[in-house]
Amino acid sequence: MPSLKIETGHQDVVHDVAMDYYGKRLATASSDATIKIIGVAASSQQHLATLSGHQGPVWQVAWAHPKFGSLLASCSYDSKVVIWKEGTKEGTSNGWLQFYVFSDHKASVNSIAWAPHELGLCLACGSSDGTISVLSAGPDGSWEATRIDQAHPVGVTSVSWAPAILPGSLVGPNSGGEIVQKLASCGCDNTVKIWKLYNGTWRMDCFPALQMHVDWVRDVAWAPNLGLPKSTIASASQDGTVVIWTVGKEGEKWEGKVLKDFKTPVWRVSWSLTGNLLAVADGNNNVTLWKEAVDGEWLQVTAVEP
């Protein structure tokens, strides 16, 4: 498929871009404090909306699963999380309205991630104030927030949900699949942490915290598991390395392995929907794709042309 260059129309740096579930629309987040919605087809693009409401750089955008309607979340330096809903009301911003605004954080909200749709409409938010908030929508339209205080006391940089079905449970004796609520987070304390929801309270699920990085961990991404018993997480750091963390099965110890030292800060890691390809974006403006070989070694399969 040929690459398509998209003119976003932003007036400043673009920090994040997210494709919707159907691959028909892009949302972009920028330091100009706006979000753009762009319709994309094979060889064309169309500006659909500009969402204004943040008072600072917008760091990330995330589409909810379409079973919950057309919803987009955004987080910003202004300490707010906004959930936008596409509607047809008069006076809305190009058909989008602010469905819910969460302003309890005391510093920049750096990362947001929707939970797997099996867990309901639920959004995790990581902030420079050191806390993670998990926002859950109730049946009556209200929102409830649970917090992980001091998750990374010097600042949370990224959050990522585990797949909702417990690894291996689809191939077990009762193949209904056991539902689990887990999160991975990373931060300015150079660590990756795993959290699990126990009776309504989030608790750390790895002891000690996962530490192989020697500088800020910029991004963390939990891989889809497709019924395999193994869980896999990728983390990317200011120290130039990407680490692949794996655990054989529930309750065992996580093991880390350096994918590569990129010799430049690594900003983002992202898994393919099948969990077998990892995209890495680094400080030299390179995007590379990696795949695990049969022997467990990770090999670069391609580089994305800028």
Side-chain angles (χ1 to χ4, degrees), residues 12-18 28-31 56-62 73-77 79 81 105 107-114 123-133 148 150-162 183-195 206 209-223 232-246 254 256-272 277-290 298 300 303-304 306:
D12 208 332
V13 179
V14 176
H15 297 289
D16 193 29
V17 56
T28 57
S30 169
S31 271
V58 185
W59 301 130
Q60 274 191 12
V61 281
S74 59
C75 63
S76 166
Y77 181 78
S79 312
V81 175
H105 283 291
S108 173
V109 182
N110 303 317
S111 179
I112 45 173
W114 289 105
L123 185 74
C125 320
S127 170
S128 289
D129 66 12
T131 65
I132 295 168
S133 296
I148 306 173
Q150 301 296 298
H152 297 268
V154 278
V156 183
T157 50
S158 180
V159 287
S160 178
W161 288 87
L183 276 172
S185 65
C186 62
C188 307
D189 57 4
N190 311 348
T191 71
V192 172
K193 293 180 180 178
I194 315 292
W195 308 91
C206 60
L210 309 184
Q211 184 148 19
M212 278 179 66
H213 293 294
V214 294
D215 205 337
W216 288 19
V217 188
R218 290 281 182 189
D219 197 23
V220 63
W222 203 309
T232 306
I233 291 172
S235 59
S237 171
Q238 187 74 20
D239 68 11
T241 66
V242 169
V243 172
I244 305 291
W245 304 91
T246 54
W254 288 84
K257 183 177 184 179
V258 176
L259 174 82
K260 182 187 172 181
D261 184 351
F262 290 81
K263 311 288 189 204
T264 182
V266 187
W267 300 111
R268 296 293 290 273
V269 279
S270 178
W271 293 98
S272 63
L277 275 182
L278 179 69
V280 178
D282 68 43
N284 288 332
N285 299 333
N286 294 318
V287 176
T288 48
L289 299 182
W290 299 78
W298 285 82
Q300 183 180 327
V304 179

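Below, all heavy atoms of this structure are taken into account, side chains as well, without hydrogens, waters or symmetry copies.
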Minimum-distance pair of heavy atoms, taken over all atoms of Ile194 and Ala184: CD1-CB, 4.2 Å
Worked verdict on Ile233 versus Val220 for side-chain contact (heavy atoms from CB on, under 4.5 Å): CA-CA 7 Å; Ile233 291 172; Val220 63; 3.4 Å; yes
Taking every non-hydrogen atom, the tightest pair across Tyr77 and Trp59: N-NE1, 3.4 Å
Side-chain H-bond candidate by donor/acceptor type, Asn110 with Ser127, under 3.5 Å: no
OG on Ser31 to NE2 on His15, rounded to 0.5 Å: 2.5 Å
Considering all heavy atoms, the nearest Ile244-Ala234 contact: CD1-CB, 4.1 Å
Heavy atoms of other groups near Phe262 CZ, more than 12 under 6.0 Å: yes
Intermediate values then yes/no, side-chain contact (heavy atoms from CB on, under 4.5 Å), Leu210 and Lys193: CA-CA 6 Å; Leu210 309 184; Lys193 293 180 180 178; over 6 Å; no
Asp189 side-chain N/O to Thr191 backbone N/O, donor-acceptor pair under 3.5 Å: yes
Student check: side-chain heavy atoms of Val280 and Val266 closer than 4.5 Å: yes
Heavy-atom closest pair, residues Ala236 and Val269: CB-CG1, 3.9 Å
CG-CG distance between Leu278 and Leu289, expressed to the nearest 0.5 angstrom: 8.5 Å
Over 12 non-hydrogen atoms of neighbours within 6.0 angstrom of CH2 in Trp195: yes
Main-chain N/O of Cys75 paired to Gln60 side chain as donor or acceptor, under 3.5 Å: no
Results of side-chain hydrogen bond (donor to acceptor under 3.5 Å, both in side chains) for Ser30 - residues two or more places apart only: Asp32
Candidate pair Val258 and Met212, rule side-chain contact (heavy atoms from CB on, under 4.5 Å), full reasoning: CA-CA 9 Å; Val258 176; Met212 278 179 66; 3.8 Å; yes
Residues forming a side-chain contact (heavy atoms from CB on, under 4.5 Å) with Ser235, sequence neighbours excluded: Val192, His213, Val217, Val243, Trp245
Lys260 side-chain N/O to Thr241 backbone N/O, donor-acceptor pair under 3.5 Å: no
Interatomic spacing from SG in Cys188 to CD in Gln238 - rounded to 0.5 Å: 9.5 Å
Verdict with supporting geometry, Val304 and Asn286, side-chain contact (heavy atoms from CB on, under 4.5 Å): CA-CA 7 Å; Val304 179; Asn286 294 318; over 6 Å; no
Nearest-0.5 Å distance, SG of residue Cys186 to CG of residue Asp219: 6.0 Å
Polar contact flag, side-chain donor to acceptor under 3.5 angstrom, Trp216-Thr157: no
Gap separating the CH2 atom of Trp267 from the OG atom of Ser158, nearest 0.5 angstrom: 13.5 Å
Pair Lys263-Asp282, salt bridge (charged side-chain N to carboxylate O under 4.0 Å, His left out): steps then yes or no: CA-CA 9 Å; Lys263 311 288 189 204; Asp282 68 43; over 6 Å; no
Donor-acceptor contact present, side-chain Asp239 to main-chain Val214, <3.5 Å: yes
Smallest separation among heavy atoms of Trp114 and Ala62, with atom names: NE1-O, 2.9 Å
Ser185 side, atom OG; Ile132 side, atom CD1 - distance, nearest 0.5 Å: 4.0 Å
Qualifying residues under ring pair (Phe, Tyr, Trp, His ring centres under 6.0 Å), relative to Trp161, sequence neighbours excluded: Trp202
Considering all heavy atoms, the nearest Ala107-Asp129 contact: CB-N, 3.7 Å
